[in-house]
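Written out below as structure tokens is the structure these notes cover.
The shown structure was predicted, so the numbers you read here are calculated from the model rather than taken from an experiment. Every number for a ligand or one of its atoms is a count from 1 in the order of the listing.
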Amino acid sequence: MVNIVIFGKPGAGKGTQAEFLKSKYNLIHISTGDLFRHHIINKTPLGLKVNSILENGDLVPDKLTIEILENEVKKNKKANGFIFDGFPRTINQAKKLDDFLKSLAMQISFTIALEAEDEILLNRLLKRGETSGRSDDINKEKILNRFKEYNDKTLPLKEFYSKQNKFFSINGVGGIKVISERLISIIENS
Ligand code: ADP
């Protein structure tokens with residue numbers, strides 16, 4: 001079983017690469033962002049609660065995020081493995097994920113960060129905002145807030161996973177296929 005955490009700032013290409021890895025290695029792809037957006041579109045109680053949080057580019061409180069993640073894993077107990085996209089995003093989430101996976105006799109195999117400069121990411125997101133319908137992609141201030149949330153709360157995960165010898169990072173700038181090859185090389189050689 002292989003369980004991969006893919007992280008990177010907004011616009012780094014997590015979702016695109018996660019979809020690729022999902023089909024290549026037959027994994028279950030869990031994107032907490034997609035799950036929240038699904039709730040928002042369907043106006044569920046959770047969706048109504050988190051709507052303005054996503055719109056502003058803030059992080060959803062850990063408790064809600066961990067709950068939604070755990071439910072999704074439990075639904076897919078027979079999976080070959082998981083690709084976690086956009087989770088964990090805080091140290092607390094990472095600790096809770098470790099404990100939760102341990103309780104299922106599972107663990108994270110490795111974590112891979114897609115790296116790119118803010119200016120490139122900002123341009124990618126504004127471009128995506130033209131067609132994605134995502135309100136958090138059209139406003140520069142909100143995008144910069146998402147970068148700040150990442151720097152403040154998610155970046156410490158590098159050290160957290162490095163201590164477990166599970167942290168890798170790759171250059172996230174280049175063609176989609178080239179980046180997929182970089183990911184494969186880490187997955188198959190580590
Ligand atoms: P991006 O990485 O481009 O910001 P995502 O779809 O991963 O896109 O996340 C969109 C939003 O969903 C985040 O800005 C945040 O509000 C919420 N979100 C997603 N994952 C988490 C998480 N693990 N913890 C807290 N909030 C999250």
Side-chain angles (χ1 to χ4, degrees), residues 3-22 28-42 44 46-73 82-101 108 111-158 160-161 169 172-173 176 179:
N3 298 307
I4 303 168
V5 171
I6 187 151
F7 66 100
K9 280 186 181 165
K14 299 182 295 288
T16 306
Q17 295 299 335
E19 276 300 301
F20 165 77
L21 295 177
K22 168 191 163 162
I28 300 287
H29 172 197
I30 302 183
S31 156
T32 37
D34 283 351
L35 291 169
F36 287 132
R37 280 187 291 275
H38 186 76
H39 279 273
I40 290 170
I41 289 166
N42 290 298
T44 68
L46 175 64
L48 295 173
K49 213 184 257 182
V50 302
N51 190 11
S52 64
I53 300 178
L54 266 85
E55 213 170 279
N56 290 327
D58 294 327
L59 290 189
V60 173
D62 281 347
K63 195 171 176 294
L64 296 176
T65 310
I66 290 159
E67 208 172 285
I68 201 172
L69 186 279
E70 291 190 0
N71 283 338
E72 212 53 33
V73 171
F82 292 87
I83 171 137
F84 299 107
D85 158 11
F87 185 97
R89 262 168 145 115
T90 65
I91 294 275
N92 182 39
Q93 289 179 15
K95 286 183 179 161
K96 290 275 164 47
L97 180 63
D98 274 356
D99 292 347
F100 172 65
L101 292 179
I108 293 297
T111 67
I112 310 175
L114 297 172
E115 309 271 12
E117 284 168 23
D118 284 5
E119 202 179 321
I120 293 176
L121 298 174
L122 177 64
N123 287 330
R124 281 186 191 170
L125 290 170
L126 289 171
K127 193 152 186 5
R128 182 169 83 184
E130 289 170 10
T131 53
S132 68
R134 279 181 59 170
S135 55
D136 57 346
D137 279 350
I138 47 182
N139 178 306
K140 187 174 168 188
E141 244 171 65
K142 288 176 182 175
I143 292 173
L144 295 182
N145 184 44
R146 283 152 73 198
F147 291 169
K148 184 173 175 343
E149 287 282 74
Y150 184 90
N151 288 333
D152 293 349
K153 296 173 183 165
T154 310
L155 217 49
L157 292 178
K158 270 192 187 185
F160 180 87
Y161 286 116
S169 79
V173 183
I176 290 176
I179 297 168

To the nearest 0.5 angstrom, please state how far the [atom1] atom of [X] sits from the [atom2] atom of [Y].
X    : Y    : atom1 : atom2 : answer
L125 : S132 : CG    : OG    : 8.5 Å
H39  : L46  : NE2   : CG    : 5.0 Å
K142 : D137 : NZ    : CG    : 11.0 Å
K148 : D118 : NZ    : CG    : 13.0 Å

Just by modelled atom types, is the [Y] backbone N or O under 3.5 Å from a matching donor or acceptor in the [X] side chain?
X    : Y   : result
N51  : G47 : no
E149 : L59 : yes
E19  : G15 : no

Among [options], which one puts a heavy atom closest to [atom]?
atom                    : options             : result
atom 16 (O) of ligand 1 : N92, D58, V60, I53  : D58
atom 4 (O) of ligand 1  : Q93, R146, E55      : R146
atom 23 (N) of ligand 1 : G86, A12, G15, S132 : G86

Quiz item: Below 4.5 Å, heavy atoms only, C-beta onward: do I143 and D136 meet side chain to side chain?
Solution: no
Quiz prompt | Side chain proximity check, F82 to I4, heavy atoms < 4.5 angstrom | solution = no
Before signing off on this row, confirm whether [X] and ligand 1 have an N or O atom pair separated by under 3.5 Å.
X   : result
S31 : no
K9  : no
P88 : no

For [X], the ligand 1 atoms whose distance to one of its heavy atoms is below 4.0 Å:
X    : value
R128 : 3 (O)
R134 : 1 (P), 3 (O), 4 (O), 6 (O), 8 (O), 10 (C)
T32  : 19 (C), 20 (N), 21 (C), 23 (N)
P10  : 1 (P), 2 (O), 3 (O), 4 (O)
R37  : 6 (O), 10 (C)
T65  : 22 (C), 23 (N), 24 (N), 25 (C)

Quiz item: How far is atom 19 (C) of ligand 1 from its nearest protein heavy atom, and which residue and atom name does that atom have?
Solution: R89 NH1, 3.3 Å
Quiz prompt | atom 2 (O) of ligand 1 [closest protein heavy-atom partner, distance rounded to 0.1 Å] | solution = K14 NZ, 2.6 Å
Quiz item: Looking only at heavy atoms of K153, does any of them come nearer than 4.0 Å to an atom of ligand 1?
Solution: no
Quiz item: Got more than 12 heavy atoms from elsewhere within 6.0 Å of CD, E115?
Solution: yes
